[in-house]
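A short worksheet on the structure shown next.
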Amino acid sequence: DIRSLGCEEKRELLATIEQAVAFVTTMIFQDGSSQLSSEQVLTSSVKGVVVLVKNQTDHPCPPSYSSIDYTWNAANENDKLIYLKTEWSSLWEQEQQAHKKFAWQVLFQMLHCKVPIICFNAKDFLRTLLQVYGNEISWKQVADSVVLDPRIAAWLINPSDTVPSFESLIQKYFEKPFSMGTVNTDTGTLRNASVSTLKLFFLIYLYQYQNLRVNLEKLYNVMRYLARDLQVQGLWKLFCTLELPLIKILAVMETHKIHVNTQELKKTSDILGLRLKELEQEAYQVAGGQFLLTSSSQLREVLFEKLKLHVLCEKVHRTEIQQLVSTSEVVLNKLQDLHPLPKIILEYRQVHKMKSTYVDGLQTCIRKGFISSTWNQTGTVTGRLSAKQPNIQGISKHPVRITKKQYIKGKEAEIVTISPRTLFVSKKGYSFLAADFSHIELRILADLSSEPELLKLFQEPETTDIFSTVASQWKGIPSEEVKHADREQAKRIVYSVVYGAGKERLADSLGITPLQASQFIESFMQKYKKVHEFTKKTIEQCRNKGYVVSIMGRKRPLVNINAQDYKLRTQAERQAVNFVVQGSAADLCKMAMVEIFTSVVISPTLTARLIAQIHDELLFEVEDSQILEFSALVKRTMESLQQTTALEVPLKV
DNA sequence: TGGGCGACGGGGCAC
DNA sequence: CGTGCCCCGTCG
Ligand SMILES: [Mg+2]
């Protein structure tokens, strides 16, 4: 505990840190738990930080473990365990001030000496440091830290393993038979602790910390094995150059708060609520009774048992598991001419979705007028990011129009449009800047398949809009005559066919017959032969290796690729094709994030902050005076990834 | 008997 | 067709 150290001891400690070969660290929460105890990390507030300082051992690991320009060291009784308190009862006292200052000195040195910091859920650790020392430091100061996160390593090795826990990693890597020879120090360190002179009531705390020491030593060893595994699987570079730098980017992003227009939020919630009440009454009238409009099972009863609407309609969708007649949008659209109820339900659903998810749902995420999403780096199988509370990647784009009778009588207009994205407002003197890759997945597909027709479209400068051009070629009409609907149809056909949509699915999404859809699929395969070859080749490679690989070497194992079961096998085939394209797009967007972050950190003047990543789009908050300079930098950086990754096709932002 | 809780299914938004 | 998050209702 640094609070018990004298002046000389503090100096010694800083010297030890300078000599360290690694740090293994975790936050300690108010309830005594650490980041290693499974989940529940955000519920309890942070009490302090424990750091295991790894020192050079007399017996370094055998060379087989040190092939990454780094020597992994066996557990050693010289390893030091430090406790840094980060929470202070009152900063009025000089003593506490001094402790806080010294704690930061220790952490600052750790973060800047380029010695790896191993931390399970490193993002939460970095974010907490930024929050605790927010007044003293700039976010740019965490930029050159070297953090290793075992959870991310494990996820890269097996992205299907949804959030591996510390315990499961121990099981998998540490308690393997072959690890027995190298690691046997856990009970040793416990016994070596000479605690007999300490007062009794300290024993329990000491035991806790010794237990923690054991676990941190284990974590260090787990990271050793993971590092080896990453190297063997060719994932080490991806880990070091893309996923690790992303940790701090996400940590910094989580410390940034976005302002929300709470007054507008409240107002729209009320308007939507009134409209829902109206629709509810209309629905009860035409249905001839009350029922829960939000309940699909009750609606099913009304539509198909009471009114028997489905018998007048052939080929209605059924639900996936229970194989009941679906009440989904597609089905309700088909029923519209038979009865007034489906139309009412459709509007009710739209308004209810808007209110519950985007307005009231957003409201629950607001703290003091601001929101900040939690970003999950290991939440997808394709390498994408995910966000929650709020899911800022899923905010509706399309506005909803509400016709209102009387809200504030006569004062307001009859029709109001509600678009959730306008509820987010930038700081005064700043603007939001969005930069998105244009048709990134299609470009990647063109590159991976080397399809000449597709490549040509992207390489020719006269192609202003890819899907309009595809539509004009498709329908054999001049590009000026391509309508919005034609473009949308072309877009749907392209993405549907590429990812293996069946004729029924495509028919539903286009509102055509399955026969027409199957003809579309056929002629698409005919026109873009190399795309079809690419999908076949991808599936074949997956069958042989058991996994597929993205542009940057990200892997997705698909055991079902050789399954007997037709449904499982074909699903794996579609997942394989989708992964290569979606995963590669995720690679590129992450690379853009890392490069732009680095540029801003280096710049003494740029202050732009990343607000969100929406898969192929980066959203920033930029000082108004820097918009021109920064947007040029962003565009240049993103587009030059073509050269970085040696793509045949240009990237457009 | 009834409320709280988690798992699950259906539905719908994003890319 | 793929990848997510989140709403709601149902059920045990
Ligand atoms: Mg785009």
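Below, chain A is the first sequence line, B the second, and so on; all start at residue 1.
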(request) Please list residues of residues 339-354 of chain A whose heavy atoms come under 4.0 Å from any atom in DNA chain B, ordered by number; otherwise none. (result) Arg349(A), Lys353(A)
(request) Please name the residue in the list Glu243(A), Lys123(A), Lys590(A) that meets the side chain to side chain donor-acceptor pair (under 3.5 Å) test with Gln377(A). (result) Glu243(A)
(request) Taking only the side-chain heavy atoms of Gln582(A) (C-beta and beyond), determine which of dG2(C), dC13(B), dC1(C) contains the nearest atom. (result) dG2(C)
(message) Side chain of Arg574(A), heavy atoms from C-beta onward: which of dC1(C), dT10(C), dA14(B) has the nearest atom to it?
(response) dC1(C)
(request) Please check the phosphate of dC5(C) (OP1 and OP2 only) for any side-chain N or O of Ser386(A) closer than 4.0 Å. (result) yes
(message) What contact category does Ile395(A) fall into here, base, sugar-phosphate, or nothing, at under 4.0 angstrom with non-hydrogen atoms?
(response) sugar-phosphate
(message) With a cut-off of less than 4.0 Å, is there a side-chain N or O of Gln575(A) near OP1 or OP2 of dT3(C)?
(response) yes
(message) In this structure, how many angstroms lie between the C1' atom of dC8(C) and the CG atom of Asp360(A), rounded?
(response) 13 Å
(request) Please determine if a side-chain N or O atom of Gln322(A) lies less than 4.0 Å away from the OP1 or OP2 oxygen of dC8(B). (result) no
(request) Measure from CG on Leu442(A) to C1' on dC1(C) and round the result to the nearest Å. (result) 15 Å
(request) Indicate whether OP1 or OP2 belonging to dG2(C) is found under 4.0 Å from a side-chain N or O atom of Arg556(A). (result) no
(message) Looking only at the side chains, is there a donor atom on one of Asn562(A) and Arg569(A) sitting less than 3.5 Å from an acceptor on the other?
(response) no
(message) In this structure, is the centre-to-centre distance between the rings of His532(A) and Phe524(A) below 6.0 Å?
(response) no
(request) Write down the distance between CZ (Arg300(A)) and C1' (dG11(B)), rounded to a whole number of angstrom. (result) 10 Å
(message) Expressed as a whole number of angstroms, how long is the span from Phe579(A):CZ to dG4(C):P?
(response) 11 Å
(message) Can you measure Leu292(A) atom CG to dC8(C) atom P for me and round it to whole angstrom units?
(response) 11 Å
(message) Which nucleotide wins on minimum distance to the side chain of Thr327(A), given the candidates dC13(B), dG11(B), dC15(B)?
(response) dG11(B)
(message) Checking Gln516(A) against Thr513(A): is there a side-chain donor and acceptor pair closer than 3.5 Å?
(response) yes
(request) When you get a sec, tell me which of dC5(C), dG12(B), dT3(C) is the closest nucleotide to the side chain of Lys388(A)? (result) dC5(C)
(request) Please list residues of residues 609-617 of chain A whose heavy atoms come under 4.0 Å from any atom in DNA chain B, ordered by number; otherwise none. (result) Ile614(A), His615(A), Asp616(A)
(request) Calculate, to the nearest 0.5 Å, the distance between atoms CD1 and OG1 belonging to Ile395(A) and Thr422(A) respectively. (result) 11.0 Å
(request) Find which nucleotide of DNA chain C each of Thr382(A) and Pro390(A) is nearest to by heavy atoms, and output the residue with the more 5' nucleotide. (result) Thr382(A)
(request) List the steps and the verdict of ring-ring contact (aromatic ring centres under 6.0 Å, His included) for Phe467(A) and Tyr495(A). (result) CA-CA 11 Å; Phe467(A) 291 115; Tyr495(A) 282 121; 5.7 Å; yes
(request) Take the protein atom CG of Leu385(A) and the nucleotide atom C1' of dA14(B), then report the distance between them rounded to whole Å. (result) 14 Å
(request) Rounded to the nearest angstrom, tell me the gap between atom CG in Leu588(A) and atom C1' in dC15(B). (result) 15 Å
(message) If you compare all heavy atoms of Gln323(A) against all heavy atoms of Arg318(A), which two are closest, and at what distance to 0.1 Å?
(response) O-NH1, 3.1 Å
(message) For dG10(B) and Ser326(A) - does any side-chain N or O of the residue sit under 4.0 Å from the phosphate oxygens OP1/OP2?
(response) no
(message) Taking only side-chain N and O atoms of Thr357(A), does any of them lie within less than 4.0 angstrom of OP1 or OP2 on dC6(C)?
(response) no
(message) Please find the pair of heavy atoms, one from Asp360(A) and one from Ser269(A), that lie closest to each other, and give the distance.
(response) OD1-OG, 2.8 Å
(request) Please say which of Arg127(A), Lys248(A), Lys388(A) ends up in a salt bridge (charged side-chain N to carboxylate O under 4.0 Å, His left out) with Glu254(A). (result) Arg127(A)
(message) Once rounded to the nearest 0.5 Å, what's the spacing between atom CD of Gln393(A) and atom CZ of Arg384(A)?
(response) 8.0 Å
(message) With a 4.0 Å limit, can you tell me whether Lys397(A) has a side-chain N or O closer than that to the phosphate oxygens OP1/OP2 of dC15(B)?
(response) yes
(request) Between dC5(C), dC8(C), dG12(B), spot the one nearest the side chain of Thr294(A), thanks. (result) dC8(C)
(request) Between dC15(B), dC1(C), dC5(C), spot the one nearest the side chain of Arg421(A), thanks. (result) dC15(B)
(message) Categorize Glu441(A) for me: base, sugar-phosphate, or nothing, with a 4.0 angstrom heavy-atom threshold over every strand shown.
(response) nothing
(message) Whole angstroms only, please: what is the CD1-C1' distance between Ile321(A) and dT10(C)?
(response) 15 Å
(message) Quick check: closest heavy atoms across Thr241(A) and Val594(A), and the distance to 0.1 Å?
(response) O-CG1, 4.3 Å
